Amino acid sequence: MSEELTGADVAAVFHRYAKTVAELKDLLTELDTAVGDGDHGTNLDRGMRAAVEALDAGTPGTPGAVFNLVGRRLVSTVGGASGALYGTAFLRAAGAAGDATGLDASRMAAVLRQATDGIAARGKCAAGDKTMYDVWSAATEAVESAAAGGTGLAAALSAGAVAAAETVRRMVPWQARRGRASYLGERSVGHRDPGAVSSQALFECLAAQAAA
Amino acid sequence: MSEELTGADVAAVFHRYAKTVAELKDLLTELDTAVGDGDHGTNLDRGMRAAVEALDAGTPGTPGAVFNLVGRRLVSTVGGASGALYGTAFLRAAGAAGDATGLDASRMAAVLRQATDGIAARGKCAAGDKTMYDVWSAATEAVESAAAGGTGLAAALSAGAVAAAETVRRMVPWQARRGRASYLGERSVGHRDPGAVSSQALFECLAAQAAA
Amino acid sequence: MKRLYNRPDAVVDEAVEGLALVHPDLLRLSPDPMYVTRADAPVRGRVALVSGGGSGHEPMHVGFVGPGMLSAACPGAVFTSPTADQVEAAARAVDGGAGVLLIVKNYSGDVMNFEMAAELLAADGIATETVLVADDVAVEDSTYTSGRRGVGATVLVEKICGAAAERGADLAAVAELGRKVAARSRSLGLALSAGTVPATGRPGFVLADDEIEFGVGIHGEPGRERRPMEPADALTDRALAAVLDDFAADELTGDVLLFVNGLGSATPMECAIVARRAVRTLGERGLRVARSLVGQYMTSLDMLGVSLTVLRLDDDLARLWDDPVETVALRWGR
Amino acid sequence: MKRLYNRPDAVVDEAVEGLALVHPDLLRLSPDPMYVTRADAPVRGRVALVSGGGSGHEPMHVGFVGPGMLSAACPGAVFTSPTADQVEAAARAVDGGAGVLLIVKNYSGDVMNFEMAAELLAADGIATETVLVADDVAVEDSTYTSGRRGVGATVLVEKICGAAAERGADLAAVAELGRKVAARSRSLGLALSAGTVPATGRPGFVLADDEIEFGVGIHGEPGRERRPMEPADALTDRALAAVLDDFAADELTGDVLLFVNGLGSATPMECAIVARRAVRTLGERGLRVARSLVGQYMTSLDMLGVSLTVLRLDDDLARLWDDPVETVALRWGR
Ligand SMILES: Nc1ncnc2c1ncn2[C@@H]1O[C@H](COP(=O)(O)OP(=O)(O)O)[C@@H](O)[C@H]1O
Ligand SMILES: Nc1ncnc2c1ncn2[C@@H]1O[C@H](COP(=O)(O)OP(=O)(O)O)[C@@H](O)[C@H]1O
Ligand SMILES: [Mg+2]
Ligand SMILES: [Mg+2]
Ligand SMILES: [Mg+2]
Ligand SMILES: [Mg+2]
């Protein structure tokens with residue numbers, strides 16, 4: 001259990017996430033076939049493979065440097081909505097992390113807030129649109145309130161992961177208002193949003209790393 | 001039983017033949033699918049429908065006039081190999097029939113000979129190439145030798161029909177050397193030639209009319 | 001799936017490479033990040049046009065690169081928008097000092113990646129304008145959602161803006177023109193069967209033998225409804241009705257450009273049969289088909305279907321449409 | 001069969017009508033007997049080019065009518081040669097006093113009907129010459145049989161002879177040129193699946209999921225053999241090998257024109273993937289692809305497959321290939 005994530009830890013989060021995405025690839029693609037164009041799994045998998053390759057090629061550095069590298073690789077290799085959104089999120093996270101060598105609970109909350117706001121700005125989306133933003137927003141709020149309450153990093157990120165999972169479930173009956181699923185109108189009701197599911201996995205990787 | 005076919009009789013032959021072709025349409029198309037492009041039934045049916053329509057529109061006239069009308073309609077409406085071949089055959093038949101008001105056995109033999117030679121000239125084909133020519137040639141020879149032996153028209157045309165049917169059967173193991181089936185090389189062996197089958201039907205219609 | 005591919009994940013790279021290889025006089029390929037420019041880019045003093053989008057819609061967009069149309073195209077993975085990197089690099093390569101027009105189909109991914117590219121270009125002082133194409137009447141138009149999909153009108157915007165740029169119009173004018181074309185266009189697509197995505201080897205959706213998807217998207221997105229199959233004329237009229245109903249009543253007069261677009265596996269005969277009916281039905285509705293484009297220009301892999309686009313012409317648009325164009329897929333004049 | 005047709009027996013009429021309707025500036029349709037001429041025919045003092053053949057191969061031939069290529073095209077029923085009447089009427093309509101070149105693919109039906117037309121025209125003092133195209137190496141060439149089928153080279157003959165006619169060459173010269181192009185061309189096609197004939201609603205043949213028909217004809221005629229499916233590059237090399245092996249060894253040098261032709265349902269990406277490999281493989285064999293044509297030009301309804309044609313160029317042929325052409329399917333220069 002760590003009360004701070006170093007650059008190496010954040011790199012480990014992304015290694016973990018790349019592995020998870022590879023495992024979830026088919027599920028994500030299936031979810032995206034139902035409400036979108038069936039490429040979310042392939043897209044994110046291509047990007048995360050490129051990201052860990054880049055991480056492995058250099059020396060880790062600060063958390064901010066890691067976020068920056070991952071964000072840039074995603075922007076260059078993914079394309080589509082998720083490339084822009086995850087890319088923007090991690091580049092904003094890098095900005096918020098600055099030169100810090102470690103992220104404790106409150107710093108992590110600030111980093112996630114910037115990332116979440118980046119998604120809203122990039123996606124022109126709001127809570128309730130049934131996109132990955134709902135997950136980021138709920139998870140970030142949970143981390144923020146845990147941090148504000150003085151909880152340690154591991155517990156705060158665990159609260160974030162729980163909130164993420166809950167939100168994914170809560171969103172199922174909603175109607176999508178942004179992204180490709182919105183073209184479906186009422187037919188988007190009853191489906192899990194692919195970007196929400198991949199975002200949940202990210203928060204679970206963060207929590208797992210802090211708990212390790 | 002008639003010992004001479006008048007213009008009205010020849011018109012009746014073509015009415016009979018149009019009906020037969022309509023019935024054989026699917027079989028002819030199936031045979032042509034196996035060794036060619038699957039249109040012989042549709043082609044000939046389209047042409048014979050146009051031919052009887054034209055016959056019905058005018059007054060019959062001489063046998064030569066009937067052959068001429070049918071030949072011209074086939075040339076204008078069928079296309080493909082069979083349009084040119086049947087068209088040429090009947091136009092040549094018309095020429096051989098001249099102004100005669102009736103065709104007896106020997107005149108009929110001469111008419112068929114011209115038609116058969118027309119097919120050979122138009123198709124640049126010879127006996128053994130496994131085309132409709134083999135049927136025309138065998139049937140015409142049978143009519144000629146019957147006529148030369150003094151047989152009447154009905155018996156002569158019946159001999160022609162028998163020779164036609166026999167020839168169709170004899171041709172099955174041959175390899176095609178002319179027409180679309182020739183592209184198959186050895187794979188044309190074992191199939192009935194569609195144009196041979198439609199030609200057999202014509203000789204049967206001639207015999208049936210003379211026997212009526 | 002049995003197709004003329006080598007490896008599913010190499011399809012786009014190999015196809016773009018092949019196209020560039022057989023059109024060396026017209027196209028120049030940059031492999032990484034991947035984009036294709038016209039061979040003579042940058043053209044000094046002329047507004048450059050950059051478009052792009054997911055692959056699987058060929059000949060769009062690489063097939064529209066050349067004098068009189070696009071300066072560069074950025075092909076993404078199959079059905080996936082290009083990355084911001086590709087767009088940025090392409091825009092830099094073709095900027096001739098008069099700025100760059102980005103032509104973007106209204107899909108979240110495309111919009112965001114082009115927007116990121118525009119931010120990066122702005123930071124370096126390269127002027128950009130963006131035209132967003134959103135002409136698909138199958139999708140409800142609402143400010144609460146992502147809005148309509150960009151489909152057939154994209155080809156018309158690219159052709160007409162390309163002509164204006166070639167004539168020397170400035171960036172603001174070319175952008176305004178593009179918005180005008182987009183605003184005056186409406187489209188609707190229908191599919192008899194779906195395209196097969198190389199990566200999965202499976203069709204995007206499966207229809208019964210007597211069903212069609214009415215209002216389908218070019219990525220196989222579901223449309224307005226599944227309907228019974230009908231003869232070509234009835235389907236054409238149904239699609240046209242949806243398109244025309246979306247115009248204001250007083251707009252339904254005068255000259256139009258009719259774009260009958262095969263979605264992948266429609267044969268030239270099928271496209272022509274649909275066009276025949278469309279010209280007549282438009283005529284009965286008081287619209288004269290003064291210009292037309294019929295064929296496969298914006299496909300969805302091997303989808304069997306067509307889309308119909310109607311653009312309300314004016315003299316200016318007609319003139320720019322007639323201007324010379326020299327690309328792989330569209331060529332006329334000179 | 002689910003296609004964008006109205007009635008199976010109206011497909012050809014409606015498609016030709018539709019095409020003429022959307023290209024009034026280029027095409028003039030005569031409905032009965034059916035043929036299509038360039039809008040400005042007859043052109044005084046120029047040799048006229050007439051071709052035709054069964055329908056189902058669009059854009060061939062009607063899509064090749066226009067300045068620099070065909071003067072008239074005669075579409076037959078699906079996969080059925082036109083009648084002699086059609087050819088005769090078309091030739092009369094376009095003869096500008098310098099005679100008529102008949103371009104005929106080597107199929108019994110086509111040969112015979114064009115021959116009958118030529119006889120009728122000769123009787124009326126209209127001079128004709130015939131170029132027979134027989135470039136399909138899948139069929140054994142033998143004087144005892146009907147010989148080879150005419151496939152891809154037809155497009156090349158029509159383009160190059162059209163250019164010569166436009167330049168004012170006389171009938172004998174244009175015919176000689178056509179024979180030269182035909183003699184210097186070889187083709188081979190392969191199919192992953194067959195086209196579906198409208199009249200029967202059934203595919204011409206059925207292949208297993210891992211099978212192809214190698215050496216297929218454009219009417220779905222069986223080819224050299226059924227073979228296992230392979231990746232696009234391997235199929236391309238196999239087809240090219242068959243094509244090149246048919247040239248004499250000392251002919252395999254210098255510049256060639258490569259024609260990669262989609263047979264109906266091949267997407268632009270598939271055609272480009274095949275072209276990419278073909279250019280490279282030809283390069284390795286010492287042949288430079290100096291000109292190319294890649295796309296769907298001579299189809300077999302919705303057949304999934306490609307054909308490859310190689311024409312040995314010389315300066316004269318290359319120049320005539322580059323000459324302007326303005327038809328529905330081929331357009332360049334001016
Ligand atoms: N405007 C948007 N705002 C926020 N999230 C979005 C937006 N558009 C799409 N998304 C998210 O992106 C996910 C789809 O990603 P992906 O399939 O990779 O991209 P694309 O939709 O371009 O194919 C959706 O499930 C949704 O969560
Ligand atoms: N050169 C030829 N000489 C004689 N008969 C021929 C020749 N070519 C084709 N045929 C006959 O025509 C028949 C095919 O007719 P059809 O299918 O209507 O024409 P196509 O082959 O043009 O599709 C063959 O079965 C054969 O009997
Ligand atoms: Mg997607
Ligand atoms: Mg046939
Ligand atoms: Mg996508
Ligand atoms: Mg035929």
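Letters go in sequence order (proteins before strands), and every chain restarts at 1. Since this is a predicted model, take the numbers as computed values, not measurements.
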I'd like to know which of C:R202, C:R224, C:E119, C:Q86 tops the heavy-atom pair count under 4.5 Å against chain A.
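With the most close heavy-atom pairs to chain A, the winner is C:E119.
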Could you work out, with side-chain hydrogen bond (donor to acceptor under 3.5 Å, both in side chains) as the rule, every residue matching C:D135, not counting sequence neighbours?
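C:D135 satisfies side-chain hydrogen bond (donor to acceptor under 3.5 Å, both in side chains) with C:S187 only.
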Rounded to the nearest 0.5 Å, what separation is found between the CG atom of A:D39 and the CZ atom of C:F79?
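Those atoms lie 9.5 Å apart.
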Can you tell me how far the NZ atom of A:K124 sits from the CE atom of C:M112, to the nearest 0.5 Å?
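The NZ atom of A:K124 sits 8.5 Å away from the CE atom of C:M112.
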Less than 3.5 Å apart, which donor and acceptor atoms pair up between the side chains of residues 70-96 of chain A and the rest of the protein, not counting sequence neighbours?
| unit_1 | atom_1 | unit_2 | atom_2 | d |
| --- | --- | --- | --- | --- |
| A:S76 | OG | A:R72 | O | 2.7 |
| A:S76 | OG | C:D85 | OD2 | 2.9 |
| A:T77 | OG1 | A:R73 | O | 2.7 |
| A:Y86 | OH | A:Y17 | OH | 3.4 |
| A:Y86 | OH | A:S198 | OG | 2.7 |
| A:Y86 | OH | A:S199 | N | 3.0 |
| A:Y86 | OH | A:S199 | OG | 3.0 |
| A:T88 | OG1 | A:A84 | O | 2.6 |
| A:T88 | OG1 | A:R122 | NE | 3.1 |

Among A:G185, A:S182, A:A176, single out the residue with the greatest number of heavy-atom pairs under 4.5 Å to chain C.
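The answer is A:S182.
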Find the one option among A:N43, A:T42, A:T33, A:T29 whose heavy-atom pairs under 4.5 Å with chain C are most numerous.
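Sorted descending by pairs with chain C, the first entry is A:N43.
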For residues A:Y183 and C:R148, report the shortest heavy-atom separation together with the two atoms involved.
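Of all heavy-atom pairs spanning A:Y183 and C:R148, the closest is CE2-C, 4.4 Å.
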Taking the basic N atoms (NZ, or NE/NH1/NH2) and the acidic carboxylate oxygens, is any pair closer than 4.0 Å for A:R187 and C:E225?
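Between C:E225 and A:R187 there is no salt bridge, as every charged N stays at least 4.0 Å from the carboxylate O atoms.
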Exceeds 12 heavy-atom contacts within 6.0 angstrom, atom CD of A:Q175
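Correct, the count exceeds 12.
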Under 6.0 Å from the CG atom of C:D124, do we count more than 12 heavy atoms belonging to anything else shown?
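Result for CG/C:D124: enclosed.
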Does anything in residues 167-174 of chain A get under 4.5 Å of chain C by heavy atoms, and if so which residues?
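The stretch does not come within 4.5 Å of chain C.
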Below 4.5 Å from any heavy atom of chain A, which atoms of [X] appear? Answer side chain, backbone, both or neither.
X	result
C:P33	neither
C:A77	side chain
C:V197	neither
C:N106	backbone

List in chain and number order the residues that pass salt bridge (charged side-chain N to carboxylate O under 4.0 Å, His left out) with A:E144, two or more places apart in sequence or in another chain; answer none if no residue qualifies.
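With neighbours one apart ignored, the set is A:R113.
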